[in-house]
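Below is one structure; the comments refer to it alone.
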Amino acid sequence: MRLHSLRVKASVFSLLLIVAMCLFFILLGNGSMQSLLEKSRENRYLTYQYQISGLLNQSREELVQLSDLIVLWRGGTSASPEILRGLFDRQWEYVQISWGLESLKLYTNDRQPPIHWGVHPAPDAGADT
């Protein structure tokens with residue numbers, strides 16, 4: 001069999017044509033997959049950005065609600081510990097559910113022990129009674 005025959009030339013040409021077509025479809029599929037991957041990444045990024053924005057807005061609203069419980073606008077001064085105790089006594093279940101709290105401890109400036117709501121911590125092991 002001669003290498004210059006028409007049958008050998010047609011076979012080599014057909015083989016090269018098949019290889020070229022395979023490479024073309026591989027490159028086309030690779031480009032399409034890269035485009036889909038980039039769109040998927042961008043979509044996930046926007047979804048996460050939207051979720052984080054929503055969570056931040058929700059936290060801001062909850063902080064505003066909590067500040068409404070704590071601050072009484074009587075001349076711009078904050079409430080006394082007794083008033084705060086009354087507010088949290090009335091609103092503790094709401095605060096506990098909306099914030100997912102098990103306990104809350106409120107410290108005051110006047111060296112009194114902190115005010116507790118919810119689960120009370122165990123006393124310190126080294127404390128004298």
Side-chain angles (χ1 to χ4, degrees):
M1 182 178 230
R2 292 188 287 169
L3 294 177
H4 297 292
S5 71
L6 185 60
R7 186 178 289 171
V8 171
K9 289 180 184 178
S11 297
V12 169
F13 177 74
S14 298
L15 180 65
L16 289 175
L17 185 62
I18 291 172
V19 169
M21 286 176 49
C22 287
L23 286 174
F24 172 75
F25 286 119
I26 288 172
L27 292 175
L28 183 66
N30 185 35
S32 176
M33 293 299 282
Q34 291 293 334
S35 174
L36 285 173
L37 179 64
E38 186 63 33
K39 286 179 184 178
S40 174
R41 283 182 186 159
E42 184 177 337
N43 192 14
R44 270 189 291 155
Y45 173 76
L46 292 175
T47 301
Y48 290 149
Q49 185 179 19
Y50 178 75
Q51 289 174 346
I52 289 172
S53 175
L55 290 173
L56 287 173
N57 284 335
Q58 180 182 357
S59 294
R60 183 187 58 79
E61 290 173 6
E62 289 174 349
L63 282 172
V64 168
Q65 290 174 353
L66 185 61
S67 68
D68 287 344
L69 287 174
I70 293 175
V71 177
L72 297 177
W73 285 280
R74 293 184 184 159
T77 60
S78 62
S80 69
E82 293 79 24
I83 294 174
L84 290 175
R85 180 186 298 269
L87 283 171
F88 277 106
D89 285 343
R90 287 190 307 271
Q91 298 292 330
W92 170 242
E93 289 182 13
Y94 169 75
V95 172
Q96 184 180 22
I97 291 170
S98 67
W99 282 69
L101 299 177
E102 292 182 18
S103 66
L104 178 68
K105 192 183 287 188
L106 181 65
Y107 293 91
T108 59
N109 290 335
D110 54 1
R111 295 185 186 231
Q112 292 181 0
I115 305 168
H116 296 277
W117 290 272
V119 179
H120 293 285
D124 293 338
D128 294 330
T129 53

Roughly how far, to the nearest 0.5 Å, is the CD atom of Q49 from the CD atom of E42? 10.5 Å
Who are the side-chain hydrogen bond (donor to acceptor under 3.5 Å, both in side chains) partners of Q96, not counting sequence neighbours? W92
Between W117 and D89, is any pair of side-chain heavy atoms under 4.5 Å apart? yes
Please name all residues satisfying side-chain contact (heavy atoms from CB on, under 4.5 Å) with E38, sequence neighbours left out, ordered by chain then number. R41
For residues 10-36, tabulate all N or O donor-acceptor pairs below 3.5 Å that involve a side-chain atom, not counting sequence neighbours.
unit_1 : atom_1 : unit_2 : atom_2 : d
S11    : OG     : R7     : O      : 2.9
S14    : OG     : A10    : O      : 2.8

